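Here the structure comes first, spelled out in structure tokens, and everything after it is commentary.
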Amino acid sequence: MRLRTLLIWLAAVPTVAMGAQVFVTADRLLEQSSHLRADVADGQRIGRPLYDLMAELQAERTMAAARWAGAPVSRADLSRRRAATDRAVAAFRRAADADDDRSTDQVDRYARDVRKQLDDLDAYRERTDARSGTADGTAGYYTGVIGRIIRTYQQFSNMDDATLTQESRPVVALLAASEVLAHEDTILASAGPAGKLSSAKFGELTNAVGAHRFLYGTSVVPYLPADGRKAYARIASSDAWKTKTGIENAALSDHRDIPGGVALPHAVRGWPAAYEKLVPELAALNGDRLRAVLDHADATADDLETEVFWLVAGSAAGLVLVGGVVVFTTRTVLRRLALLHERTVAVAEETLPGIVDRLQRGQSVDADMLPQPRHEKDEVGRISDAFARVVAVSVDGHRQLSDERRGFGMFTAGIASRTGNLVSRQLSLTEDLEDTFGHDEALLAQLMKSDQLTVGMRRQIENLLILSGGEIPDPHSEPMRVADLLREAAAEVEDFRRIERVALDEVSVEPRVISAISHLLAELLDNATRFSPPASKVAIRAELVTDGLSVEIEDRGPRVAPERYEEMNARLHAAPPYAVLAENAHRLGLFVVGHLADQLQARVTLRRSTFGGTAAIVIIPEEHLVPAEKPPAAAEKPPAAAEKHPVRAEAPAAGPAPRTPAPPRPEERTPGLVLHPRSRPPAESAPTAAGLPRRQPAEARAAVRTLPRDGSAPPPLPERVPQTHIAEQLREQRAPEPVRADTETPEEVADAWSDYEQGTETVEIELRQDQS
């Protein structure tokens, strides 16, 4: 899973949880607000009509009780009272029938019960008029309807808010206390003009007096707010309330027991007037408290809705803030990770390979090229610092390997120098033997072969020096003509007689690169002679081109696949590590050519020739060339044999020929390190009449020096000019040989063909190894 997805999930999960919590809280608050709105709507719709109905029923109950007791109640007063009750009943029915979606089922259920009981009102009125039934039955009916009304108000008090519930309960207690006081009024009215009550009625009076006092003292006044307590205190301190209290006390203390009941004192006659004054004040108190509760419930609903609004708004702002922080954090982390990835890829694909390449080439590495620790405290910074330390450790490892490689190269160069000294001594000894026993043709031929093998050994030692990172210091101090350079390169090859040389332009090569170019061409010529039929020729041509000097070497070897040419050309343009050299130890020639071409800034390309073999094209830069001076007229005319076969090497003649003195011989060419080249005096190498390079006398040989023990660079090896150890017979001018028929014996032809098959088989084996 991607880091971006993980970060999104990390932000989405708490955001969704927070949103769900906000949704649940908002839904609960909105539901509570809705219930409060419904209670307020029910109180405004039904509460006031119910209270008016309760007051009218209480007044009609008192008048009915007085009529049952024989009090002088006129028909007109009774009709007016009943008409007022009927108006209150009609108002209640209209309110109960009103369709309000916000009403609750509980309130509607209690309202239906009240309506059902009101259906019997006319029947009880008829009983009162006809005096059928009992007075207690009629009073009980009114009391039952009023009790159902009070229970409806109790339902209003069960709100979804603890504060409102606590505030509404004193209102219900006020209504209950008012009902008890009204019931007391009914009991006193039932005493009639005689002022007599039955014992049961007197007990109800006593209970009513105690009940309404208890309710006002314990359930109403302590829970009223400050303004409600002030209103009650004003009522309780009024004359009417004091008169009411005095009458109650007189009734309870001054009554007389008579047969069949209790005779109330004469003070009870003042009760109707006092009660009539208290009713409006108590109704005002009850109505104010009821409206206050409804207003508070409505305000609470508004507060809940405001709270929901701010909750939703604050939560939305918080979610937006959290989303912004998450987006910013995610973008910051991903941006820093992307920059870290880009730096890591750049270091891994560009910087580190370049540093490794520089270290492999023995070059120094600047510390600024490496990524530096930034010492940042966050996780991304610590990862970046850890990567910088990993790169530093890797570079240190490559630097150590480079130092070991350079040390091994210096060690190998030292071994090559010592071995080169031995080879130079071997060549000097061979020269002495050639000079001493040159009259013996058979021995001279063997010495010539030994000389060629020793020259090959010296070239292999120089190869080792080149591959170990060194260079061959050039002993030449004068430019060399291209024709002489081609001849010197051909002389380094064992089978030099098969090489045909053609120099199409008169141009010379600077002294400082003569040995390197000669060695490069010698390696290519050696490959061409080894991987072509023994009897075939190898042509080398040199001519000036736009980019410098073009030297083309073409053989008649076996066909090579195009991908094989790509692989060989790749070897010419890359310095391989020692592991690759070890795997290709049997064919190091191309690596040596690549090293020399890199030193000379030359281009070497291998391709298929027109004859089916391989053609090697070497482009030597123009900066290494100098215009050749025109030779004197005597030297311009070549011998007849040279004109016909300019590069063909002849076998030693059967008889001696007149000898020509050999030119002075230059110092031997010695492989050495690049850091300590040694200057040498100029020297010329003159060819023999047969076109081969002429050796110098042995007395011109340079002394062999040993390596110093102080650790400094080894001294250069003595240099030799190839093909100066030529026997006297070969130094003479030879007459051109007449064209003659092929006189090779069948054995010689078989030997030549065997050599060709052996070379072809060697190439095929190498191709199969490469393909596998």
Side-chain angles (χ1 to χ4, degrees), residues 29 32-58 88 91-92 95-96 98 100 102-104 106-107 110-111 114 146-182 212-238 240-241 277-307:
L29 293 177
Q32 183 179 356
S33 174
S34 176
H35 288 170
L36 289 177
R37 295 289 188 190
D39 292 338
V40 170
D42 289 338
Q44 293 176 350
R45 179 172 58 91
I46 301 177
R48 187 64 190 182
L50 271 178
Y51 184 78
D52 294 340
L53 177 61
M54 182 182 69
E56 297 298 335
L57 289 174
Q58 289 173 347
F92 167 72
D100 192 349
R102 295 178 295 178
S103 62
T104 60
Q106 292 293 332
V107 173
Y110 280 103
V114 173
I146 295 172
R148 178 63 61 178
I149 292 174
I150 293 176
R151 282 194 293 273
T152 304
Y153 278 110
Q154 289 178 347
Q155 182 61 35
F156 287 150
S157 65
N158 296 327
M159 297 183 179
D160 290 342
D161 186 88
T163 303
L164 290 175
T165 300
Q166 187 70 21
E167 187 177 350
S168 63
R169 286 180 179 176
V171 176
V172 177
L174 274 174
L175 297 178
S178 298
E179 166 59 17
V180 172
L181 189 59
H212 88 266
R213 290 182 178 180
F214 177 79
L215 287 175
Y216 279 117
T218 59
S219 299
V220 175
V221 176
Y223 298 101
L224 288 177
D227 56 344
R229 284 197 295 270
K230 289 180 180 180
Y232 177 77
R234 188 168 54 253
I235 295 173
S237 61
S238 64
W241 186 268
K277 292 181 180 180
L278 289 175
V279 168
E281 296 180 358
L282 293 175
L285 176 62
N286 295 338
D288 290 342
R289 301 317 316 150
L290 180 61
R291 284 191 296 271
V293 170
L294 294 178
D295 292 342
H296 191 190
D298 190 50
T300 302
D302 292 339
D303 293 340
L304 289 176
E305 292 176 356
T306 303
E307 182 179 355

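Side chains are part of it too, since the values below use all heavy atoms of this structure and drop only hydrogens, waters and symmetry mates. In this text the structure is predicted, and so the values were computed from the model without any measurement.
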Distance, nearest 0.5 Å, that separates [atom1] of [X] from [atom2] of [Y]:
{"X": "D288", "Y": "D295", "atom1": "CG", "atom2": "CG", "answer": "10.5 Å"}
{"X": "L285", "Y": "L278", "atom1": "CG", "atom2": "CG", "answer": "11.5 Å"}
{"X": "N286", "Y": "L174", "atom1": "CG", "atom2": "CG", "answer": "5.0 Å"}

Provide the closest heavy-atom pair for [X] versus [Y] in the form atom of the first, atom of the second, distance.
{"X": "L175", "Y": "I150", "value": "O-CD1, 4.1 Å"}
{"X": "L53", "Y": "A88", "value": "CA-CB, 3.8 Å"}
{"X": "A176", "Y": "L215", "value": "C-CD1, 4.0 Å"}
{"X": "A240", "Y": "K277", "value": "CB-CB, 3.7 Å"}

### Message
So, using side chain to side chain contact (heavy atoms under 4.5 Å, CB included) as the criterion, who are the partners of Q58 when residues are at least two apart?
### Response
M54, R61, I146, E179, A182

### Query
Which residues satisfy the side chain to side chain contact (heavy atoms under 4.5 Å, CB included) test with R48, sequence neighbours excluded?
Y51, D52, R291

What donor-acceptor contacts under 3.5 angstrom involve side-chain atoms of residues 222-238, with partners at least two apart or in another chain?
{"from": "R229", "atom 1": "NH1", "to": "L224", "atom 2": "O", "distance (Å)": "2.4"}
{"from": "S237", "atom 1": "OG", "to": "A233", "atom 2": "O", "distance (Å)": "2.9"}
{"from": "S237", "atom 1": "OG", "to": "R234", "atom 2": "O", "distance (Å)": "3.1"}
{"from": "S238", "atom 1": "OG", "to": "I235", "atom 2": "O", "distance (Å)": "2.6"}
{"from": "S238", "atom 1": "OG", "to": "W241", "atom 2": "N", "distance (Å)": "3.4"}

